Amino acid sequence: MINTWILNKVEPLIDEPVIILKDPQRMIQLGDFALDAWAQKHGFTMLMCTGNLALRAWYEKFRDDPAIKLLLVDRSRVNAKRPRLFYPDIQARASQGAQLTLSLHAYLVETTGDFLWPQGIIDENRQIAALVLSHLPGMLQAHAHLRTVSPHRFSDSDFYKILFGAVLEINPFEKLTPKQVRRLCIEQYPAFADLARVLSPEVMDLFRGMIHETDYPFNQLLDQNP
């Protein structure tokens, strides 16, 4: 799903001598060879780097060969502690149109056709982005549930409910059944704990409110001994 989106981005660039893909959210997964296969098919040498030492060690081997086409995947994090990749000589060889930045926010907007996804929350919080990336099918399904409830509404709290729905595999925009609450609070408590480590207490209160709206005694499961 996400691989197809990425390949569609690079497909028009097959005649470029150098392609630079900035991937600060690590949307291109290590061990996923879809992009490698595309690069090999179209004659590119692909470098996926986070550190300058590794980049230079590889690039020095073929930088003077004009016949080699280069696909550089820059995995530098935004505001990372380690220095970001520095390659002005490679950028000078790449046209402006062949220098792309992959964005999880852009993927969600283009996939759903919904321009209201909150960019700041998705692209600026690394832990939330990692959750979104690991639960993409659930994010799309929960977004569809939101659009069933409202064709146009999209608040920050709606986004967090979508995230709850994706991680916990529920429809976050309908009242939870006692059976769902029992499963969430007992069987899926580790997933809830993962969310609590990433999200603020104020955001987690949205989820607690969903639990508290269910019938007694199931509305007590999250706060009392099951």
Side-chain angles (χ1 to χ4, degrees), residues 1-6 8-9 21-29 32 75-80 100-177 180-181 183-185 187-214 218-219 221-223:
M1 182 166 51
I2 201 166
N3 284 335
T4 301
W5 180 79
I6 293 171
N8 286 339
K9 294 290 184 184
L21 283 184
K22 296 183 179 180
D23 186 22
Q25 295 175 307
R26 312 285 171 87
M27 296 175 68
I28 302 171
Q29 299 291 299
D32 190 334
R75 288 167 56 82
S76 302
R77 295 283 195 185
V78 175
N79 300 322
L100 309 177
T101 298
L102 300 179
S103 161
L104 195 51
H105 174 262
Y107 169 79
L108 291 169
V109 167
E110 293 176 25
T111 301
T112 63
D114 189 340
F115 292 90
L116 299 179
W117 287 92
Q119 183 171 5
I121 296 175
I122 298 170
D123 282 351
E124 296 175 11
N125 188 307
R126 183 188 304 180
Q127 292 177 307
I128 289 179
L131 275 177
V132 172
L133 193 57
S134 60
H135 295 87
L136 278 177
M139 292 292 295
L140 299 178
Q141 181 61 54
H143 173 266
H145 290 317
L146 169 61
R147 284 294 161 254
T148 299
V149 173
S150 172
H152 307 294
R153 190 188 82 199
F154 207 142
S155 64
D156 286 355
S157 63
D158 287 328
F159 169 77
Y160 289 119
K161 285 186 178 182
I162 289 173
L163 188 60
F164 293 144
V167 175
L168 301 172
E169 300 178 352
I170 59 173
N171 180 348
F173 297 100
E174 66 179 11
K175 184 176 180 180
L176 300 176
T177 66
Q180 287 176 314
V181 171
R183 176 172 58 84
L184 292 174
C185 295
E187 298 171 26
Q188 288 188 273
Y189 190 80
F192 171 77
D194 288 341
L195 285 168
R197 281 190 287 270
V198 172
L199 304 176
S200 69
E202 292 77 14
V203 172
M204 291 307 299
D205 283 342
L206 288 172
F207 178 75
R208 294 181 183 277
M210 294 165 59
I211 300 296
H212 293 159
E213 289 176 359
T214 58
F218 298 97
N219 60 351
L221 275 176
L222 194 61
D223 300 317

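Everything numeric here is computed off the predicted structure, so don't read it as measured data. Residue numbers start at 1 and run along the sequence shown.
The CG atom of Leu131 sits 11.0 Å away from the CG atom of Leu136 when rounded to the nearest 0.5 Å. Distance CD1/Ile122 to CE/Met139: 6.0 Å, rounded to 0.5 Å. From Lys9, atom NZ reaches atom OH of Tyr107 across 11.5 Å, with rounding to the nearest 0.5 Å. In this structure, CD1 in Ile162 is found 5.0 Å from CG in Leu146, a value given to the nearest 0.5 Å. If you take CZ on Arg183 and CG on Leu176, they are separated by 9.0 Å, rounding to the nearest 0.5 Å. Rounding to the nearest 0.5 angstrom, the gap separating the CD1 atom in Ile128 from the CG atom in Leu163 is 6.5 Å.
Taking all atoms of both residues into account, the shortest heavy-atom contact from Thr101 to Pro24 is CG2-CD, 4.3 Å. When every heavy atom of Leu104 is checked against every heavy atom of Ala129, the shortest pair comes out as CD2-O, 3.4 Å. When all heavy atoms of Gln25 and Leu102 are compared, the pair lying nearest together is OE1-O, 4.4 Å. Scanning both residues, Phe154 and Pro118, for their nearest heavy atoms gives CE2-CD, 3.8 Å. The minimum heavy-atom distance between Trp117 and Leu108, with the atom names listed, is NE1-O, 3.6 Å. Looking at every heavy atom in both residues, Pro172 comes nearest to Ile170 through CD-O, 3.2 Å.
Put simply, the side chain of Thr4 reaches to within 4.5 Å of the side chain of Asn8, judged on heavy atoms. The shortest side-chain heavy-atom distance between Gln29 and Ile2 does not fall under the 4.5 Å cut-off. For the pair Leu195 and Leu168, the minimum side-chain heavy-atom distance is below 4.5 Å. Counting heavy atoms from C-beta outward, Val132 and Phe159 have side chains that approach closer than 4.5 Å. Between Leu206 and Leu199 the shortest side-chain heavy-atom distance does not fall below 4.5 Å. Inter-residue side-chain proximity for Asp158 and Phe173 is flagged as met; some heavy-atom pair is nearer than 4.5 Å.
The salt bridge (charged side-chain N to carboxylate O under 4.0 Å, His left out) pairs that include a residue from residues 111-123 are Asp114-Arg147, where partners are two or more places apart or lie in different chains. Under the side chain to side chain donor-acceptor pair (under 3.5 Å) criterion, no residue pair touches residues 159-169, with sequence neighbours excluded.
Thr148 places a side-chain N or O within 3.5 Å of a backbone atom of Ala144 that can act as its donor or acceptor partner. Checked by atom type and distance alone, the side chain of Arg75 never pairs as donor or acceptor with a backbone atom of Arg26 at under 3.5 Å.
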Is there a side-chain contact (heavy atoms from CB on, under 4.5 Å) between Val167 and Asp194? Walk through the geometry before answering. CA-CA 9 Å; Val167 175; Asp194 288 341; 5.9 Å; no

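Listed by chain and residue number, Phe207 satisfy the ring-ring contact (aromatic ring centres under 6.0 Å, His included) test with Phe164 (two or more places apart in sequence, or in another chain).
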